[in-house]
Number of protein chains: 2
Amino acid sequence: MPETFPTKPEVARPTMIDVARRAGVGLGTVSRVVNGGHGVRDETAQRVRAAIDELGFQRNEVARALRPGKKSTSLALVLGDLTNPFYATIAKSSLEVAGQSGFAVVLGSVDEDPEGEKRAIQELVSRQVAGLMIVPDQGDHAFLQGAGVPVVFVDRPATGIDADIVMVDNEGGGKLATDHLLAQGHERIAILLAPSYYTIGRRLRGFRRAHRAAGIDVDESLVIQLPEGNAEAAEKATREVMLRADPPTAIFASTNFLTEGVLRALGELGQEPAVVGFDDFRLADMLPTPVTVVASDIAELGRSAARLLLDRASGADTRPPQRIVLPCGLIERGSGERPPRSAGERNPR
Amino acid sequence: MPETFPTKPEVARPTMIDVARRAGVGLGTVSRVVNGGHGVRDETAQRVRAAIDELGFQRNEVARALRPGKKSTSLALVLGDLTNPFYATIAKSSLEVAGQSGFAVVLGSVDEDPEGEKRAIQELVSRQVAGLMIVPDQGDHAFLQGAGVPVVFVDRPATGIDADIVMVDNEGGGKLATDHLLAQGHERIAILLAPSYYTIGRRLRGFRRAHRAAGIDVDESLVIQLPEGNAEAAEKATREVMLRADPPTAIFASTNFLTEGVLRALGELGQEPAVVGFDDFRLADMLPTPVTVVASDIAELGRSAARLLLDRASGADTRPPQRIVLPCGLIERGSGERPPRSAGERNPR
DNA sequence: CTCCTGGACGGTAACGTTTCCAACGCTTTA
DNA sequence: TAAAGCGTTGGAAACGTTACCGTCCAGGAG
């Protein structure tokens, strides 16, 4: 016989029935006590509470959620790579808000492809979560329309469904960054774009709008669409664009990872165009040239989403779908305040 | 009457009973088809599957988990600040492994105090999760002993309970870092310690062991216990120790956040002692002086934990509690390879 | 004194699934 | 030909909770 893990006596967890028996009351009474205890005499409630303590009873949330109408006290959160501080911040802050209301947060397994996302969402729905917070990938989300579960989209809207959405002012942020560079006298500004997310398109729109407002034409060869959204792709693209005959004097990186790639390339090249990134990141102020960024309150993004969803789930909020847009601000640290250099004075050493 | 959100017709989700009726079979048959479909004639199974598709039936996981013995297909993960890349990496990687087995991961609300952690864990247990992954705070975890749920501790052991644990070789890592500095000729090495977590104690042990092996006494005034584990505390402590009459020639920062604080202080002071950090972090290679760190495979930490827990939960693994220790490696980037300077040649400019 | 009201409480159905058992039809074996 | 075996199927119990309904008793009104 193989040596087995000495599993504890496997104590069956006590149920309400056990508590009722112990306290010498009926099942309904225990239930009433557990849920606030209205309509129970004080003395009886005492006895019940004593029995609960003695037995170490804990309500079985699964059984509770089975009752019709009763939703579970869990919210679902579907997002991309948790390793990205952006997503991690959303997770943390929404978790905090949910936790304060006694809700747990279920993380769906997050694949990259839209099909995987759909599968993950449906698994979450089958777990009877009270609501869904989704940072949607591309792909249609119409299948959520009749799911009977409130949904809040975070950071970007989804197609095929009209639901609450909490996001940042991407276009405003894009304009803010570009305005800032234009104000320094830059006229050749490159923008690096991660693959076509909604947010990126909006940031580009702000970029164009700023140019238009300043009466400067956008050089379309400086609008650079990357094949991937990671630092490596940005590094490669930056190297290429800076080695052109007519390099830009400033670069606007449309995501935090892209900013990282841009800086890495510039460090190797020894060139110093102005740089502004979208979204702040840790250590941005400690790099050789501290990085100027357009930033928003990402934590508030998560908090708002969770709050809204909780209100929807409880039925307290029956307004038509809301659209919450958080503002962006500029954090000047140095890299975005460099003046343009003419081609002649490139390569300082 | 207030304007109300046009809630969809609130379509009741179809149940197995609906499917059975539609397919003209019994309830049990539908259940059998849904779970692999053994012991059902092919033709019957076809009919059932057709009905499932037509109705868009999805199994109710809550009802499923209610049956005795059946655990839910969710794992719980309890950890600290998701904003810390260390925790975020654990979350991501364990989520991946769990997802591959069709398990969701429930994140407990994570307070800082031990009492909050206990409450969070019990809430998770009441949700009938199949297993718990816990990065334990201080405080006794004996209350988990008889909970009847498998538990895997991550990164550090808990007191009061003998359970599986997956961690990194903290003592080895501490020794590795210190050996490296000693090998450069440093004899006055400061170590910054975050509040007394188990891991930190082990790293200190490695620090001392390295000194002993080298025949060098540890200057106890350079063993600096910080009141908090954040970058600010480390920054302050670094400033103080570097302004002493006899500053260290090297600093070992025992966590990623502390490393950040150390670098921030050094940048302001304009001093350049050697620095080695524990745990790698993003952009460590892009700082003015790239940072040498002792690192381990944090993602593997999460993966191992999830794998182990899934095996325990399925009953496939009945070995006595396991102790998995992952190795640490040194990543040389520059900051840890600076030679010691005598006090006289301090302050280069 | 009787009737009625209302608060406190007990019992039971129901939620949607899994699992067990019985029943049925068919084939194989004695 | 009857019995036994097997694969397939239907039906019902059970999981732990909540919600509803009825009962009981005390106290006030008529």
Side-chain angles (χ1 to χ4, degrees), chain A residues 10-49 51-52 55-74 123 125-130 148, chain B residues 10-49 51-52 55-74 123 125-130 148:
Chain A
E10 191 60 62
V11 211
R13 268 197 284 274
T15 75
M16 276 197 183
I17 300 183
D18 300 322
V19 174
R21 209 158 7 226
R22 175 105 179 191
V25 301
L27 182 52
T29 302
V30 176
S31 177
R32 276 184 287 263
V33 170
V34 171
N35 310 331
H38 291 297
V40 179
R41 244 189 326 168
D42 253 13
E43 183 205 315
T44 314
Q46 289 294 349
R47 270 217 321 280
V48 172
R49 268 191 286 269
I52 288 178
L55 295 172
F57 166 79
Q58 263 193 284
R59 177 167 61 188
N60 182 330
E61 287 293 331
V62 170
R64 176 183 161 84
L66 185 59
R67 288 309 310 279
K70 283 281 174 198
K71 279 294 172 189
S72 76
T73 55
S74 311
E123 280 220 8
V125 171
S126 79
R127 288 185 163 78
Q128 314 295 109
V129 293
Chain B
E10 191 59 61
V11 213
R13 268 198 284 273
T15 73
M16 276 195 181
I17 299 183
D18 300 322
V19 174
R21 213 163 359 233
R22 176 104 180 191
V25 300
L27 181 53
T29 304
V30 176
S31 176
R32 277 183 287 263
V33 170
V34 171
N35 309 329
H38 291 297
V40 178
R41 244 190 326 167
D42 253 13
E43 183 206 316
T44 313
Q46 289 294 349
R47 271 218 318 282
V48 172
R49 269 191 287 267
I52 288 177
L55 295 172
F57 166 78
Q58 262 193 284
R59 177 167 61 189
N60 182 328
E61 288 292 332
V62 169
R64 174 176 219 252
L66 185 59
R67 286 310 310 279
K70 282 281 174 199
K71 279 293 171 190
S72 75
T73 55
S74 311
E123 281 221 7
V125 170
S126 79
R127 287 185 164 80
Q128 312 297 110
V129 293

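This one's a predicted model, so the numbers in the text were calculated from it and none came from an experiment. Naming convention: chains lettered A, B, ... in sequence-line order (proteins, then strands); numbering from 1 in each chain.
- Within the structure, every side-chain polar atom (N or O) of A:Ser31 is placed at least 4.0 Å from both OP1 and OP2 of D:dA19.
- Residue-level contact check: A:Val62 touches neither bases nor backbone, having no heavy atom under 4.0 Å from any strand.
- Rounded to whole angstrom, the span from the CG atom of A:Leu66 across to the P atom of D:dA19 amounts to 13 Å.
- Residue contacts for B:Gly39: at a heavy-atom cut-off of 4.0 Å it reaches a base atom on one of the strands shown.
- As a whole-Å value, the separation of B:Arg127 CZ from D:dT17 P is 14 Å.
- For the residue pair A:Ser72 and A:Gln128, the shortest heavy atom distance occurs at OG-O, 2.9 Å.
- Nearest heavy-atom pair, A:Val25 versus A:Val30, reported as atom, atom and distance to 0.1 Å: CG2-CG2, 3.8 Å.
- B:Val40 comes within 4.0 angstrom of sugar-phosphate atoms only, judged by non-hydrogen atoms across all strands, and of no base.
- For the OP1/OP2 pair of D:dG10 and a distance below 4.0 Å, the side-chain nitrogens and oxygens of B:Thr29 include at least one atom meeting the criterion.
- Whole-Å rounding puts the B:Arg41 CZ to C:dG25 P distance at 13 Å.
- A 4.5 Å side-chain heavy-atom check between A:Arg32 and A:Thr44 finds every atom pair outside the cut-off.
- No engagement by A:Val34 is indicated, since no non-hydrogen atom pair under 4.0 Å with the nucleic acid exists.
- When the C1' atom of C:dG16 is taken as reference, atom CD of B:Gln58 falls 14 Å away, rounded to whole Å.
- A:Thr15 comes within 4.0 angstrom of the backbone, heavy atoms only, and of no base.
- Side chains of B:Asn60 and A:Arg127: a donor-acceptor N/O pair is absent below 3.5 angstrom, by distance only.
- Judged by closest nucleotide on DNA chain D, B:Val25 is the one of A:Val30 and B:Val25 placed further toward the 5' end.
- When rounded to the nearest whole Å, the span between CG of B:Asp42 and P of D:dT8 equals 9 Å.
- Atom CZ in B:Arg21 sits roughly 12 Å away from atom P in D:dG11 (whole-Å rounding).
- Nearer the 5' end of DNA chain C, as judged by each residue's closest nucleotide, is the contact made by A:His38, out of B:Ile17 and A:His38.
- Counting to the nearest Å, the C1' atom of C:dT19 and the CZ atom of B:Arg59 are 14 Å from each other.
- Within the 4.0 angstrom heavy-atom criterion, base atoms lie near B:Arg32.
- The nearest whole Å value for the distance from the CG atom in A:Leu27 to the C1' atom in D:dT17 is 8 Å.
- Using a 4.5 Å heavy-atom threshold, the side chains of A:Arg64 and A:Glu61 count as touching.
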